[in-house]
Amino acid sequence: MKTRLETKIKVEDICKGFQYSELEEKGLFGWEGKLTIQPEYQRSYIYANGKDDVAVIDSLLKGYPIGLIYFVETEKDKYEILDGQQRITSIGRYYTNWFAWIDENGIPYKFDSLPEDKQNKILNTELTIYICSGEESEIKEWFKTINIAGKPLNNQELLNSIYSGPFVTKAKEVFSNSQNSNLHKWLSYAKADVKRQGLLEIALGWVSKDWQKDKNLEKYMSDHKKDENINELVSYFKDVINWVSTVFIDVEDEMQTINWGRMYELYHKNAYNPTEVSQKLHELYSDFYVKDKKGCYEYILNGCKEEDLKLLNIRIFDDPIKKSVYSNQTKIAKEKGISNCPLCANGNNSNKTRIYDLKEMEADHVTAWSKGGATDISNCEMLCITHNRAKGNR
């Protein structure tokens, strides 16, 4: 890859013909149409937070350097930003009055209201730009290594750059578009930062069944890189969401953290009564002894089986209860000349009269939690480790 250094290009040059739209940065261009500010392999604009974007303008006004910027020359007099997109977009947005810079007195100024001397200071700032040319693979490999200060690329943003093409472009229009009217429903079942490709990563993970084998998601992106449509991706994602929202008519925060793609593959062929599911979910959510609310969903989907109780992380007996029950059982056992493990005492082996130390025993529900037993002292017994672990929920 070849590079040349340019130090005479000013902010004013880059801002000529700057176009920006809130609809996911459609039409991000500058430098009289010669510069594409957001190529398809670039992430979305994330500086629009009243802090990072303002800091860029503050640096220009104070005469601070804003760092190296890299352009790629795609053809004669046509360029794309390789690195510096967030900074250049912030400058262009300020120049076109999308946000205000705050002075030391707390007074906000959009560009048009800025004193002329300060306007000129911004416009006359010369940028340090390396213009690169080379093969697409070289450009993308270099892009992967670039670390934008304070805002490193996340995994999905990197994958978007590696496998950029028609598929990624169309997928971002759906899953990385904060104006998408479906987002309110979708984000009820998927916790994600849309602008940082979080929802797209979830959708790709579901359709590729990424939980089954390492890098399924990456393989799916590679296989579909040149596809002109994303019908499979969108349809599968919607099928999963529609299935979840049909089975579970209640929407809870924990649902955002569940891999619904995996749940769909395991259970979507089963029939469920949404009313009964809702009743069971309310029962589990209101149960003091259920510690893991997230586990309630697979527990219900798989038929509330005893072997799945581990999903709920049922509250265990605390140390004071264990010590009290142990002390009482041991006292009675010694008086009767039998083991302080009730199951050993009822057996016919060498442990029939053995008195275990506290550390050799575990607390157990006399009546299993799944059968209505509470986690309190009246339903607690101490068993030797061997018997407790063999007992399960019988």
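Position 1 is the first residue of the sequence, and the numbers go up from there. Side-chain atoms are counted along with the backbone in the values below, which use heavy atoms only and exclude waters and symmetry mates.
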Evaluate the ring-ring contact (aromatic ring centres under 6.0 Å, His included) criterion for residues F18 and F29: first the C-alpha distance (whole Å), next the side-chain angles of each, then the deciding distance (0.1 Å), finally the verdict. CA-CA 5 Å; F18 180 84; F29 301 99; 9.7 Å; no

Check against salt bridge (Lys or Arg N to Asp or Glu O under 4.0 Å), E298 and R262: CA-CA 10 Å; E298 186 165 10; R262 175 178 168 272; 3.3 Å; yes

Dump the intermediate steps for side chain to side chain contact (heavy atoms under 4.5 Å, CB included) on F71 and C132, then the final yes or no. CA-CA 6 Å; F71 291 174; C132 318; over 6 Å; no

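Following chains of ILVMFWY side-chain contacts shorter than 4.5 Å, one can reach L187 starting from V251, so the two form part of one hydrophobic cluster. The hydrophobic cluster containing I355 does not contain L358, counting ILVMFWY residues as joined when their side-chain heavy atoms lie under 4.5 angstrom apart, directly or transitively. Residues I69 and L123 share a hydrophobic cluster, clusters being chains of Ile/Leu/Val/Met/Phe/Trp/Tyr side chains in contact below 4.5 Å. V325 and Y289 fall into different hydrophobic clusters, defined by Ile, Leu, Val, Met, Phe, Trp and Tyr side-chain heavy atoms under 4.5 Å apart, directly or through other members. Clustering ILVMFWY residues whenever any of their side-chain heavy atoms sit less than 4.5 angstrom apart, transitively, puts Y189 in the very cluster that holds L266.
Summarising the geometry, atom NE2 belonging to H224 is positioned 12.0 Å from atom CD1 belonging to I230; distances are rounded to the nearest 0.5 Å. Going from atom SG of C15 over to atom CD of E32 covers 11.5 Å, rounded to the nearest 0.5 Å. Taking CE of M382 as the start and CD1 of I321 as the end, the distance is 11.0 Å to the nearest 0.5 Å. From Y109, atom OH reaches atom CG of L61 across 11.5 Å, with rounding to the nearest 0.5 Å. How far CD1 of I37 is from CD1 of I91: 9.5 Å, rounded to the nearest 0.5 Å. Distance CG/L28 to CD1/I81: 8.5 Å, rounded to 0.5 Å.
Looking only at side-chain heavy atoms (C-beta outward), I129 and Y70 stay at 4.5 Å or farther from each other. Residues N388 and L343 fail the side-chain proximity criterion, which asks for heavy atoms closer than 4.5 Å. Using a 4.5 Å heavy-atom threshold, the side chains of I88 and I14 count as touching. In this structure, N177 and V194 have side chains that are not in contact, with every pair of non-hydrogen atoms separated by 4.5 Å or more. Proximity of S188 to Q256: side-chain heavy atoms (C-beta onward) are nowhere separated by under 4.5 Å. Within the 4.5 Å cutoff, side-chain heavy atoms of L204 are placed close to those of L233. Using a 4.5 Å cut-off on side-chain heavy atoms (C-beta onward), V54 and D52 make no contact.
Side chain of N180 to backbone of V174: a donor-acceptor contact under 3.5 angstrom is found. With hydrogens and angles disregarded, a donor-acceptor distance shorter than 3.5 Å links the side chain of D53 to the backbone of G50. Of the possible donor and acceptor atoms, one in the side chain of Y272 sits under 3.5 Å from a partner among the backbone N and O of L301. Remark: the backbone N or O of N313 is not paired with any side-chain donor or acceptor of D292 at under 3.5 angstrom. Distance alone, capped at 3.5 Å, is enough to place a donor-acceptor pair between the N349 side chain and the N351 backbone. Looking only at distances, no side-chain donor or acceptor of D364 sits under 3.5 Å from a matching main-chain atom of E381. Of the possible donor and acceptor atoms, one in the side chain of S245 sits under 3.5 Å from a partner among the backbone N and O of N242. No side-chain donor-acceptor contact under 3.5 Å links N302 to the backbone of I300. Checked by atom type and distance alone, the side chain of S286 pairs as donor or acceptor with a backbone atom of H282 at under 3.5 Å. Side-chain atoms of S176 never come within 3.5 Å of backbone atoms of E173 as a donor-acceptor pair (strictly under, hydrogens ignored).
The pair E252-K293 does not meet the salt-bridge criterion, since no charged nitrogen lies less than 4.0 angstrom from a carboxylate oxygen. Ion pairing of E360 with R354 is present here, as a side-chain N (NZ or NE/NH1/NH2) and a carboxylate O approach within less than 4.0 Å. Between K16 and E12 there is no salt bridge, since no side-chain N of the basic residue sits under 4.0 Å from a carboxylate O of the acidic one. By the 4.0 Å N-to-carboxylate-O rule, E362 lies too far from K322 to be salt-bridged with it. A salt bridge links R196 with E157: the closest approach of a Lys/Arg side-chain nitrogen to an acidic carboxylate oxygen falls below 4.0 angstrom. For the pair R4 and E6, the salt-bridge criterion is met [side-chain N within less than 4.0 Å of a carboxylate O]. Salt-bridge annotation for E228 and K170: absent, with no side-chain N of the basic residue lying under 4.0 Å from a carboxylate O of the acidic one.
Contact record, S324 with I377: OG-CD1, 3.7 Å, taken as the closest heavy-atom pair. A pairwise comparison of heavy atoms in N346 and K352 identifies C-NZ, 4.3 Å as the closest pair. Residue A100 comes nearest to P108 through the heavy atom pair CB-CB, 3.9 Å, listed as atom of the first residue, atom of the second, then distance. Nearest heavy atom pair, residue E73 against residue I131, reads CB-CG2, 4.1 Å. Minimum interatomic distance between K280 and C304 (heavy atoms only, all atoms of both residues): CE-SG, 3.7 Å. Heavy-atom minimum distance, L217 versus G205: CD1-N, 3.7 Å.
With no hydrogens or angles considered, a side-chain donor-acceptor pair links S278 and D250 at under 3.5 Å. N160 and Q197 are linked by a side-chain donor-acceptor pair at a separation below 3.5 angstrom, with hydrogens and angles left out of the test. With no hydrogens or angles considered, no side-chain donor-acceptor pair links N216 and S208 at under 3.5 Å. A donor atom on one side chain and an acceptor atom on the other are not found under 3.5 Å apart for Y285 and D287. Defined by atom type and a distance below 3.5 Å, a donor-acceptor pair is missing between the side-chain atoms of N120 and D117. Side-chain contact, Q119 with Y95: no donor N or O sits under 3.5 Å from an acceptor N or O. Under 3.5 Å, the side chains of D58 and W101 contain a donor-acceptor pair of N or O atoms. Side-chain N/O atoms of N328 and K323 include no donor and acceptor closer than 3.5 Å. Judged purely by distance below 3.5 Å, without hydrogens or angles, the side chains of Y163 and E218 pair a donor atom with an acceptor atom.
Remark: K310 NZ is packed, more than 12 non-hydrogen atoms of other residues, nucleotides or ligands lying under 6.0 Å away.
Residues F99 and Y94 bring their aromatic ring centres within 6.0 Å.
Exactly one of Y264, Y267, F237 qualifies for a ring pair (Phe, Tyr, Trp, His ring centres under 6.0 Å) with W243. That residue is Y264.
Using the six-membered ring where Trp is involved, Y79 and W31 have ring planes that are parallel, under 30° apart on the 30 and 60° scheme. Ring-plane geometry between F317 and H365 is classed as tilted, the angle between the planes lying from 30 to 60 degrees on a 0 to 90 degree scale.
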